Structure formats: C-alpha cells, structure tokens
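Report on one structure; see the data block that follows.
All values derive from a computational prediction rather than experimental measurement. In what follows, residues are counted from 1 in the order of the sequence shown.
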Amino acid sequence: GVQTCALPISATQWVNEMTAKLTGSTARHFQRVTANKPAADSLAHFRQLGIEQADLQRMSALFEDGYLNSLSDAMRPRYERFLDDVFAGRIQAAEARERLAVLEEAKTLRVHLQGAVTGDAGARLNIGQRNVAHGSFDIKLPNGKTVADKVMSVSGKGTSTAITEAAGPKVDGLTVAPEIGKAGQVTKPTESRAFHDSERKIFESILAQLQSASGMKLEVGTSYEGKGFSGRIDIRTEMLPCDSCADVMANQFKAMFGG
C-alpha cells in the first residue's frame, strides 16, 4: 500500500488557523500575544507553554462573549484573569486543562440554572454573580452504614431554596446542597461573609448526613480519626476557595477526620 504522512504545519498556517477559529476573549488574548511577532515566535511561545490547538479551541468555546456577559462585573474579571495567566505561562498546561474542565462543568450547571430558575426565584438566585461548586462523597460510618451522593451548590443566602423551588431537589443529577442554619452548623466560617459560600454548604450538608446516619453529634475541635469513618470526598469549585472555605475544608474538617 501507499504510505502517507502528514506534513508539519507551518508557523504561519498555525497562527492563521487559530486566528480564524478563535472567538471572543480567547481570540483577543491570542491576537495580543501574536501581534507584531513573527509567526515562528508565536508558535514557539505556545509550544513552550504546552498549549495545543485543542486547548485554545476549548477556551474559545468556554469564554465566548455571550456567556461572559451573563456574569457579574465581579465574576467576569476572574475568568479573564485565568486567560491572562494561561497566555503568560503563569499556569502550567496540565493545571490549565484541569481548571478548564472545572469551568466547563460550572458553565453547564450555570446555563442550566439560567434556563430553569426564572422570575422571582431567578432574581434571588442571581446566578451570574455566584460561585458554583459540585462534587461527590462516599463515606462509610462506624455503624456500617454508607453515606454517598453527588452534590452541587451555589454560593449565597437563599440560592439553594431558589433552585429547589424552581427546579426540584436535583440539577443534572446532582443533589442541591441545602441552606445552612445557624443552629445546626458544625463548621465555623472565619469570615462572616463566607457563611453561605458554596464549598461550605457542601461540607455542612455532608456533616449533617453523617450525624443523621451515625446518630453521633459531630463537633469541630473533636477528632474522629480511628472511630470508624472512612471514605472519599471530591469537590470541584469554579473559583479558588476563599480563606474561610479553605479553612473549613483543609483545617476544620481535616482535623476531625484526617485525610
């Protein structure tokens, strides 16, 4: 048979292809990086970063203007900052791909909620300015029971109620983490503004289920290592956790259960 091989794409072809394919904020970032540079230098820059055509096209699909314009003035710059960091090489390619996956998942949930939660509930949800987190947990208890679920959460007071009233207890198969009540809370936010943050809602929901299923009252400051709790929690959050939520997850919860 006749063997064929793909000829290597020229630098000029590569830059021209990307210029034609990219849209929105990603296109603008690409143009700034490649403007007034020889095509070979531009291609070398992205190869040095480890950023491939497929990565740029994923960014273009994610950061399209219609979606970014649906975000609040506080949220939109955080997305732009991600692109700044990727194009400047401040985020390594592997980490960038992981963050892209999380942001793509958050976009899917946000767009679903934009369509499903409308009217008064939509105004209360105000999804454009919220952080979206989701994850899963599978924990075995001392009494042999197992607590497991896939969950999602949106930051802000009253957002969980707004979602469940309009869309039901699950979104895309993920259980909506409920509001946090002061009387039943286990963890302690280090900042009052973080009381209703999305990550903390998920951890409070997990703790409430652990207490209910185990019959034990769980308290921050008490260690339950070696008491028969074991399992795994995976949380993916749209934006980096604030210091208060990082403390809840990495210090308070970890001090209770280890891991």
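A continuous path of hydrophobic side-chain contacts links F82 to M239 [ILVMFWY only; heavy atoms under 4.5 Å]. Under the 4.5 Å side-chain contact rule for hydrophobic residues, L207 and M216 share a cluster. Linking ILVMFWY residues whenever their side-chain heavy atoms come closer than 4.5 Å, directly or via other members, places L49 and V15 in the same cluster.
Closest approach of A194 and C242 over heavy atoms only: CB-SG, 4.0 Å. Across every non-hydrogen atom of N143 and S214, the tightest pair is ND2-CA, 3.6 Å. Residues S153 and I202 approach most closely at CB-CG1, 3.6 Å, considering heavy atoms. Pairing each heavy atom of P77 with each of S72, the nearest pair is CD-O, 4.4 Å. Nearest approach of G128 to R110, heavy atoms of both residues: CA-NE, 4.3 Å.
Among residue pairs with one or both ends in residues 190-209, those qualifying as ring pair (Phe, Tyr, Trp, His ring centres under 6.0 Å) are F203-F253; sequence neighbours excluded.
Defined by atom type and a distance below 3.5 Å, a donor-acceptor pair is missing between the side-chain atoms of D243 and T190. For K170 and T175, the side-chain atoms include at least one donor-acceptor pair closer than 3.5 Å. Defined by atom type and a distance below 3.5 Å, a donor-acceptor pair is present between the side-chain atoms of Q209 and S205. Judged by distance alone, the side chains of N69 and D65 never bring a donor and an acceptor atom under 3.5 Å apart. No side-chain donor-acceptor contact under 3.5 Å links T187 and Q252.
Applying the 6.0 Å contact sphere to NZ of K21 captures more than 12 heavy atoms from other residues, nucleotides or ligands.
The CG atom of N131 sits 5.0 Å away from atom CD of E199, with the distance rounded to the nearest 0.5 Å. Atoms CG and CE, on D247 and M249 in that order, are 9.5 Å from each other to the nearest 0.5 Å.
Ring geometry for W14 versus F30: interplanar angle of 30 to 60°, hence tilted. Ring geometry for F63 versus Y79: interplanar angle over 60°, hence perpendicular rather than tilted (30 to 60°).
Put simply, the residue from L113, L125, N126 that forms a side-chain contact (heavy atoms from CB on, under 4.5 Å) with T159 is L125.
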Apply side-chain contact (heavy atoms from CB on, under 4.5 Å) to residues Q185 and R200 and explain how you reach the verdict.
CA-CA 10 Å; Q185 66 178 330; R200 184 166 181 261; 2.5 Å; yes
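For K150 and D172, the salt-bridge test fails: no basic side-chain N is under 4.0 Å from an acidic carboxylate O. Using a 4.0 Å cut-off between charged nitrogen and carboxylate oxygen, E179 and K201 count as a salt-bridge pair. Between D120 and R124 a salt bridge is recorded (basic side-chain N to carboxylate O distance below 4.0 Å).
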